[in-house]
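Excluded from the calculations below are hydrogen atoms, water molecules and symmetry mates; all remaining heavy atoms, backbone and side chain alike, are included. Just so we're on the same page: letters track the sequence lines, and every chain starts at 1.
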There are 2 protein chains.
Amino acid sequence: MRGRKITSADVAARAGVSQSAVSRVFTPGASASPRTVQKVRKAAAELGYRPNVIARTMASGRSRIIGLVVAYLDNYFYPEALEKLSKLLQDRGYHVLLFMASQTAENVDDIVERILDHQVDGIVAASAGLGSELSARCRAAGVPVVLFNRSQDDPSLSAVTSDNVAGGRRVAEFLLAGGHGRIAYIAGWEGASTQRDREFGFLAGLARGGAALHSRAAGEFRLETARTAARVLFAGPDRPDAVFVANDHMAFGVMDVLRHELGLSVPGDVSVVGYDDVPPAAWPAYDLTTVRQAATRMVAETVAILIDQIEQACDEPRRIAISADLRVRGSARVPAGWSR
Amino acid sequence: MRGRKITSADVAARAGVSQSAVSRVFTPGASASPRTVQKVRKAAAELGYRPNVIARTMASGRSRIIGLVVAYLDNYFYPEALEKLSKLLQDRGYHVLLFMASQTAENVDDIVERILDHQVDGIVAASAGLGSELSARCRAAGVPVVLFNRSQDDPSLSAVTSDNVAGGRRVAEFLLAGGHGRIAYIAGWEGASTQRDREFGFLAGLARGGAALHSRAAGEFRLETARTAARVLFAGPDRPDAVFVANDHMAFGVMDVLRHELGLSVPGDVSVVGYDDVPPAAWPAYDLTTVRQAATRMVAETVAILIDQIEQACDEPRRIAISADLRVRGSARVPAGWSR
DNA sequence: ACCCGCTTTGCATACGAATGCAAGGCCGGA
DNA sequence: TCCGGCCTTGCATTCGTATGCAAAGCGGGT
């Protein structure tokens, strides 16, 4: 037995006003006299009326919903970002409709089509790219898109990342200053701009210090692959004395292999540096030196861009790279003179 | 310049049929002749038509959206569950609208009201309770609610948990069998049924083994509080030789304090057991013995209940406790004869 | 007392698809 | 050939709110 729903017409009848008056009372910025407001609020409270968001969307064309595409949540950078994103949007009266891009099943483009079906006011694509015809459709539909922690060439897409190139460079400088001579790199998924930029900056930094990469393996941003990569890199006699891992998630796996499988000491035998500064990086068990990718600021920028484009119809896409500082902890030898 | 939207009427005109015919072609189970289907599909493809989900919701009264309330994502049990939940629902044609219950700002009831405004077809409340008048409103609105990883007395609410009592008991048996004599407990947030049930089972298990609790401290399910609790419990000379921590998230913090602040060996000096079996529990750095709370099965049951209630209108609420086995790893002394 | 201008209000319609109802088409059986 | 019944189809209406427009109300200045 589900009670009939209370509509604005019911409230109007009880308050002795028109349905539009009720609507105006619940529409911020609409004109209504104090007397009307009071009558309507009273009637609404007595009936337990709540505006129907779907109908509102239908009529106004604005859903106050943001579609979010995420590929995986096992890299703990994303839960953190998701939590902050959702909260920030809630504060602005928006909500997140979640779409998981199961890496296997479907491609992101299909998902974005489905997102558009929901009449979202904006889209955030975290760690995912967009086909160019899809980005065109979004533009045609007037739905702004922000790439989060990824960027791509399409100039019509906004993107928020950390300054991956500078971050990578900084790691190189740090490791060189620490006197490391055999420096390795474990890469992320090669299709990701973050991977490419981090590696580019890192290699540039090494080169500028007159050094070259000792060895390299692909980790694909996946834990198990990174572990395998570590086993391979550290198999021979001429093993690295430092390794930069393209994100923290993989770095944990690498440290585990080094310490618990190969019996190496970190940072005694090998220095390990990660990227992201996810919460577990600060846990004493890992105490991982890493590049801080400020999720809070990245999310704030993402929301700012989105809201601007939605509400001001300020149409220019923006691309932002948040500065990325090194977080010096205990997993890598600290050069003399560097403060933690 | 946003192109005018393509509606079913546009498709109808181009295909030479009525708008209802178009609607029927896109409504599974509606009757349409093969000829009509073909004409409509062709026209739709040519125009790039996609049904407007909002309008469909408006007309049909069903949104195929599930509202999800989560309090925090820093306990990594929830990202895992969220990912699985979202994927499973996507496979069934549903989507997740996310609501973060910032523990400070608002209470869950307010949030659920806002969820209801969105005409969701169902609600999942993860680690959160519901006021009784709110649960009545949901019932009145015909919106099924499933509590995830929490249960409460209200018999109109479905709930999916692990068998926390049995899980707690099993930990007690394991620790006693391991010959521990000074067994401590670090509690979760006292308002949570999971906390109460785990402790109840644990104490019952101790009692049945003729033992009593050595000491207890409150961890509130929060990392920092758990660390403090560990410092307090292990401050005196008569420190515990085993501690059951109410979830893994806190257990990591406890292990870190024991090892890196107090210089104790785990499991040499102290055995630590957690609850949840989140992914990092299996990482060698922690290698945490814990109670496996099968997220996959819990999510599957949650979805099953939800869909049943939505689609069959099978109205009886169900409460399910998934069996919870001990995952024996290296953080606690293993009794002779127990297999890992 | 009169007029101008701003605020408030109601009316009517739009948003886009789903669906009850009745009419039309088609088929088979007698 | 005629009739009954089922499958298709279109018409008209519905869902609940927002909003353009025009009318009404109100207040102040002269």
Does the gap between the ring centers of A:Phe221 and A:Tyr72 come in under 6.0 Å? no
Going by heavy atoms closer than 4.0 Å, what residues in residues 31-49 of chain B are next to DNA chain D? B:Ser31, B:Ala32, B:Ser33, B:Thr36
Can you tell me if A:Gln19 and A:Thr7 form a side-chain donor-acceptor pair at under 3.5 Å? no
Can you list the residues that meet the salt bridge (charged side-chain N to carboxylate O under 4.0 Å, His left out) rule with B:Arg137, with sequence neighbours excluded? B:Glu113
Listing, residues 126-136 of chain A side-chain donor-acceptor contacts under 3.5 Å, not counting sequence neighbours, or none:
unit_1: A:Ser135; atom_1: OG; unit_2: A:Ser132; atom_2: O; d: 3.3
unit_1: A:Ser135; atom_1: OG; unit_2: A:Asp154; atom_2: OD2; d: 2.7

Base, sugar-phosphate alone, or nothing: which one does B:Ser23 contact when heavy atoms must sit under 4.0 Å apart? base
Are there over 12 heavy-atom neighbours, none belonging to B:Arg92, within less than 6.0 Å of that residue's CZ? no
Without decimals, in angstroms, what is the distance between B:Phe26 CZ and C:dG16 P? 16 Å
Below 4.0 Å from chain A heavy atoms, what is the first contacting nucleotide of DNA chain D and what is the last? D:dG16 to D:dC21
Review item, nucleotides 11-13 of chain C N/O atoms under 3.5 Å of protein N/O:
unit_1: C:dC11; atom_1: N4; unit_2: A:Ser20; atom_2: OG; d: 3.0

With sequence neighbours excluded, tell me which residues meet salt bridge (charged side-chain N to carboxylate O under 4.0 Å, His left out) with B:Asp10. B:Arg4
Would you be so kind as to tabulate the donor-acceptor pairs closer than 3.5 Å made by side chains of residues 36-45 of chain A, with sequence neighbours excluded?
unit_1: A:Thr36; atom_1: OG1; unit_2: A:Ser33; atom_2: OG; d: 2.9
unit_1: A:Lys42; atom_1: NZ; unit_2: A:Glu46; atom_2: OE2; d: 3.2

By the definition side chain to side chain contact (heavy atoms under 4.5 Å, CB included), identify the one residue from B:Ile66, B:Leu88, B:Val160, B:Val124 that meets it with B:Val303. B:Leu88
Salt bridge (charged side-chain N to carboxylate O under 4.0 Å, His left out) partners for B:Arg62, two or more places apart: B:Asp121
Under a 3.5 Å cutoff, is there a donor and acceptor pairing between the side chains of B:Asn149 and B:Tyr78? yes
For A:Asp117, give me all partners under side chain to side chain donor-acceptor pair (under 3.5 Å), at least two apart in sequence or on another chain. B:Arg50
Lys/Arg N to Asp/Glu carboxylate O, A:Glu83 vs A:Lys87, below 4.0 Å: yes
With distance as the sole test, does A:Ser63 use its side chain to make a donor-acceptor pair with the main-chain N or O of A:Gln119 at under 3.5 Å? yes
Under 4.0 angstrom, heavy atoms only, what part of the nucleic acid is A:Val17 near: base, sugar-phosphate, or nothing? sugar-phosphate
Round to the nearest Å and state the distance from B:Ile54 atom CD1 to C:dA18 atom P. 13 Å
Only counting residues at least two apart or in another chain, list the ones meeting salt bridge (charged side-chain N to carboxylate O under 4.0 Å, His left out) with A:Arg318. A:Asp308
Among residues 58-67 of chain A, which ones have heavy-atom contacts with DNA chain C below 4.0 Å? A:Met58, A:Ala59
Dot-bracket for DNA chain C, please. Rules: Watson-Crick or G-U, both distances under 3.5 Å, ( ) within the strand, [ ] when a pair crosses earlier ones, | for another strand, . otherwise. ||||||||||||||||||||||||||||||
Spacing of CG belonging to A:Leu85 relative to CZ belonging to A:Phe148, to within rounding of 0.5 Å: 7.5 Å
Rounded distance in Å - CG (B:Asn52) to P (C:dA18): 9 Å
